[in-house]
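First the structure, in the form of structure tokens, and then the observations on it.
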Amino acid sequence: MSVRVRFAPSPTGSLHIGSVRTTLYNYFMARQGEGGKLILRIEDTDQDRLVPGAIDSIYDGLHWMGIRWDEGPREGGGYGPYVQSERLPIYQEHAARLVTDGAAYFCFCTKERLEQMRAGQRARGEITRYDRHCRNIPAAEAAARAKSEAHVIRLTVPEDGTIAIDDLVYGHVEWPLRSIEDQVLLKSDGFPTYQLAVVIDDHLMEISHVFRGEDWLPSTPKHLLVYRAFGWDVPPHAHLPNVLGPDGKKLAKRHGATKVEEFRTEGYLPEAMTNYLALIGWSPGTEEEIFSLDELVQRWRIDQVQRAGGKWDRDRLNYFNGVWIRRLSDDELLRRLDPFLPAEWDRALVQQVVPLIKERMRTLAEAKDLVAFLFADTLDHDRSILVPKKKEAHETVTALSRSTVALRFLEPFSAERIEQAIGAVAADAGWSVRDLTIAIRAAVTGRKIGPPLYASIALLGKDRALERLEAAQELLAA
RNA sequence: GGCCCGGUCGCCUAGCGGUCUAGGGCGCUUCCCUUUCAAGGAAGAGGUCAGGGGUUCGAAUCCCCUCCGGGCUACCA
């Protein structure tokens with residue numbers, strides 16, 4: 001049987017990196033065998049939580065990550081519609097069928113009654129659970145009332161016994177049926193609950209493997225019961241360990257950035273995101289860890305996915321991002337950098353600095369500060385960094401002045417020649433090259449650290465370099 | 001509270017009964033390289049394998065209990 005896997009986000013906000021990790025694993029699975037299909041299904045059965053634009057953001061985020069899929073709301077396919085709100089009749093017919101079969105029943109309890117019931121249960125220290133108040137209304141009576149009264153459809157859960165699954169990641173997991181309540185399958189607004197919709201859609205769309213977050217594991221028995229009520233086979237399931245915040249709880253907004261979009265604008269590469277994310281919860285069993293999307297497809301195995309949740313670690317992401325930035329060709333880096341740099345900056349000049357800053361960036365966003373000195377009209381010199389430790393201001397003026405002289409008639413104005421000239425000045429003045437470059441760097445770039453100095457000066461150009469050297473001297477002399 | 005899951009260096013993890021005096025990576029420290037910062041190279045600190053009982057000639061690996069953490073417990077997904 002061919003692989004058909006799906007990822008099924010709710011359009012309740014922008015794409016969370018935890019969902020991305022789940023999607024990635026589905027993607028790996030789909031791309032491993034011949035003819036595997038990846039399907040996008042939008043689970044919008046909660047009309048109250050819809051966020052406008054969420055679907056666009058899901059598309060944008062996943063496309064940016066380099067994930068392509070085969071069937072979905074905009075791509076079509078033979079199993080549509082792929083948006084749950086467009087499949088209402090399907091759910092309603094199936095739910096009705098369950099009622100007819102005696103596997104489910106109409107429930108007329110109001111929200112108020114349910115609340116009271118729970119409040120009472122809590123007060124008595126009991127488990128809060130639906131009391132099956134409507135479970136034994138005679139079928140004919142219930143059917144009649146359903147024509148005029150607001151109602152939901154609930155699953156008739158057996159009173160005794162157990163239900164179990166052999167999860168691909170967690171192994172054998174078993175639940176006592178006593179612990180499961182008569183779940184709502186169809187809401188009073190005619191929409192299905194997640195519990196009903198997933199099972200029907202996964203079955204109808206012929207999903208071969210269900211991969212989803214660990215937090216779904218507790219509701220799996222409900223789904224199992226629905227499969228059983230319909231008499232359908234249960235596809236293999238794999239629950240995936242959660243991505244956690246530093247405090248060990250599910251990664252959430254309060255932990256910082258959690259949306260792909262945020263990482264994109266902060267200057268992370270999709271390659272790094274993919275690589276890093278794949279490694280939370282999965283390991284190849286070897287000591288390799290740098291993998292492209294395609295390599296991950298080759299290497300990833302569901303049985304190497306581990307059970308414990310993994311914490312999101314920004315430092316480690318930064319490391320991967322640095323690795324992938326360095327792996328980019330200079331031209332490609334230039335392209336990726338473009339949106340992070342002011343449009344008015346001369347791209348020809350940017351192109352020349354790129355090699356100098358390539359191994360100095362952890363994120364694309366850092367490039368701007370690194371090279372800003374090349375594009376600034378004037379510099380705000382800072383006296384305190386102009387003068388090297390153990391040197392006096394007047395000595396520094398002299399050293400800078402000699403450097404200015406040495407550079408003034410230098411031709412060609414190349415990094416090599418500049419290096420020679422500055423070396424000569426240092427020797428002449430009795431300064432260490434280190435101290436001299438500290439002063440010159442501060443004078444020419446306004447900063448203590450930056451790209452290699454000599455090449456930076458060459459790129460700046462003689463006129464501007466001299467101007468800045470002189471400005472620094474004036475400041476120190478004043 | 002109930003049900004379920006998890007627990008190897010600060011973090012991501014390798015490990016599936018002996019090769020583990022527990023390996024790698026991130027981060028951290030030191031050194032080398034060096035015009036700064038990076039990158040790169042080398043070295044190092046860091047783990048009572050949550051704790052306690054078993055099983056076994058032998059356990060991080062199997063079993064039980066305890067503790068701790070997390071998830072779920074809606075007409076949310």
Side-chain angles (χ1 to χ4, degrees), chain A residues 8-10 12 43-46 48-49 107 109-111 114-115 118 121-122 125-130 150-154 167 169-171 173-176 178-181 183-189 191-195 197-198 212-221 239 241-242 244 246-250 276 279-290 304 306-320 322-323 326 356-362 370 419 422-423 426 432-438 440-442 445 447-456:
Chain A
S10 295
T12 53
E43 311 224 317
D44 59 345
T45 56
D46 185 353
D48 295 336
R49 299 205 318 168
C107 169
C109 295
T110 61
K111 292 196 177 175
L114 293 175
E115 265 167 46
R118 285 194 199 98
Q121 287 169 336
R122 262 191 297 272
E126 297 169 5
I127 300 167
T128 55
R129 190 166 38 169
Y130 181 56
H151 62 275
V152 302
I153 291 177
R154 286 184 184 270
D167 188 271
V169 171
Y170 288 90
V173 184
E174 209 173 88
W175 297 264
R178 266 179 293 104
S179 68
I180 299 161
E181 73 175 346
Q183 196 58 33
V184 171
L185 299 178
L186 200 70
K187 305 187 239 184
S188 55
D189 62 0
F191 276 70
T193 58
Y194 173 83
Q195 329 295 349
V198 243
R212 70 202 343 174
E214 178 194 351
D215 29 353
W216 288 112
L217 189 54
S219 41
T220 301
H239 287 89
N242 277 149
L244 275 18
D247 58 359
K249 298 193 202 307
K250 272 203 304 183
Y276 171 62
L279 257 14
I280 299 182
W282 172 79
S283 155
T286 65
E287 285 168 3
E288 304 153 274
E289 60 175 9
I290 303 301
Q304 292 168 326
Q306 71 148 56
R307 289 181 274 271
K311 288 176 186 166
W312 178 261
D313 178 7
R314 185 64 84 111
D315 281 337
R316 193 162 149 83
L317 204 219
N318 287 338
Y319 163 75
F320 278 99
V323 168
R326 276 172 253 128
L356 301 183
I357 58 171
K358 193 174 186 175
E359 55 198 24
R360 276 162 249 263
M361 281 185 275
R362 324 253 339 169
L370 247 22
E419 177 170 12
I422 289 176
S432 66
V433 169
R434 189 187 181 89
D435 278 342
L436 220 213
T437 55
I438 285 174
I440 295 178
R441 179 185 301 282
T445 73
R447 304 178 109 242
K448 286 164 87 166
I449 60 170
L453 221 214
Y454 310 130
S456 296

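In the text below, chain A, chain B and the rest are named by the order of the sequence lines, each starting its count at 1.
Residue A/D313 places its side chain closer to B/rC11 than to any other of B/rC76, B/rU35, B/rC11. Minimum atom distance to the side chain of A/P452 is reached by B/rU36, of the listed B/rC75, B/rG27, B/rU36. Nearest nucleotide to the A/R307 side chain, out of B/rU35, B/rG6, B/rA38: B/rG6. The side chain of A/E43 lies closest to B/rA77, out of B/rA77, B/rC75, B/rU36. Of the candidate nucleotides B/rG6, B/rC4, B/rG70, B/rG6 has the atom lying nearest to any side-chain atom of A/A308. Comparing B/rU35, B/rC72, B/rC3 by their nearest atom to the side chain of A/P218 picks out B/rC72. The side chain of A/V433 sits closest to B/rU35 out of B/rC4, B/rU35, B/rA77. Of the listed nucleotides (B/rU35, B/rC75, B/rG71), B/rU35 has the atom at the smallest distance from the side chain of A/E419. Among B/rC75, B/rG71, B/rG23, the nucleotide with an atom closest to any side-chain atom of A/E287 is B/rG23.
Between the C1' atoms of B/rG6 and B/rA43, the separation comes to 36 Å (whole Å).
Among the heavy atoms of the strands lying under 4.0 Å from A/S188 is at least one base atom, whether or not backbone atoms are also near. The residue A/K250 sits close only to the backbone: its heavy atoms come under 4.0 Å of sugar-phosphate atoms, none of a base. Using a 4.0 Å heavy-atom cutoff across all strands shown, A/P451 reaches at least one base atom of the nucleic acid. Residue contacts shown for A/C109 include a base, since a base heavy atom lies under 4.0 Å away. When heavy atoms are screened at a 4.0 angstrom cut-off, A/Y170 is found touching the sugar-phosphate backbone but no base atom. Within 4.0 Å of A/G125, counting heavy atoms only, lies no atom of the nucleic acid at all. Within 4.0 Å (heavy atoms only), A/E126 reaches no atom of the nucleic acid at all. Residue A/I280 is classed as a sugar-phosphate contact, given heavy-atom separations below 4.0 Å to backbone atoms only. Nucleic acid contact for A/E174: sugar-phosphate only, since backbone atoms but no base atoms lie under 4.0 Å from a heavy atom of the residue. Using a 4.0 Å heavy-atom criterion, one finds that A/G213 contacts no nucleic acid atom at all. Counting non-hydrogen atoms under 4.0 angstrom, A/W312 reaches nothing in the nucleic acid. No contact: A/F191 has no heavy atom under 4.0 Å from any strand. Counting any heavy atom pair closer than 4.0 Å across all strands shown, A/P241 reaches no nucleic acid atom. Counting non-hydrogen atoms under 4.0 angstrom, A/R122 reaches nothing in the nucleic acid.
A/E181 places a side-chain N or O within donor-acceptor distance of the main-chain N or O of A/Y130, the cut-off being under 3.5 Å. Between the side chain of A/T12 and the backbone N or O of A/R49, no donor-acceptor pair lies under 3.5 Å. Judged by distance alone, the side chain of A/E214 and the main-chain N or O of A/N242 form a donor-acceptor pair under 3.5 Å. Checked by atom type and distance alone, the side chain of A/Q304 pairs as donor or acceptor with a backbone atom of A/P284 at under 3.5 Å. With A/Y170 contributing its side chain and A/R307 its backbone, the two residues share a donor-acceptor pair below 3.5 Å.
If you take CZ of A/R316 and P of B/rG25, they are 10 Å apart, rounded to a whole angstrom. Between A/R362 atom CZ and B/rA38 atom C1' there is a gap of 9 Å when expressed in whole angstrom units. With rounding to whole Å, A/E359 atom CD is found 8 Å from B/rG40 atom P. Atom-to-atom, CE of A/M361 to C1' of B/rA39 comes out at 12 Å; the value is rounded to the nearest Å. Taking atom NE2 of A/H239 as the reference point, atom P of B/rG71 lies 16 Å away to the nearest angstrom. In this structure, A/R326 places its CZ atom 5 Å from P of B/rG40, rounding to the nearest Å. Between the CD atom of A/Q183 and the C1' atom of B/rC3 there is a distance of 14 Å, rounded to whole Å. One atom, CD of A/Q306, and another, P of B/rG7, lie 7 Å apart when rounded to the nearest Å.
The CD atom of A/E289 sits 6.5 Å away from atom CG of A/L279, with the distance rounded to the nearest 0.5 Å.
Annotation: of the two residues near RNA chain B, A/G450 and A/K249, the 5′-most nearest-nucleotide partner is A/G450. Nearest-nucleotide mapping onto RNA chain B: of A/T45 and A/Y276, the residue sitting toward the 5' end is A/Y276.
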Decide side-chain hydrogen bond (donor to acceptor under 3.5 Å, both in side chains) for A/T286 and A/E288; before the verdict, give the C-alpha distance in whole Å, the side-chain angles of both, and the deciding distance to 0.1 Å. CA-CA 6 Å; A/T286 65; A/E288 304 153 274; 2.8 Å; yes
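In terms of heavy-atom proximity, A/T45 sits nearest to A/A197 at CG2-CB, 4.3 Å.
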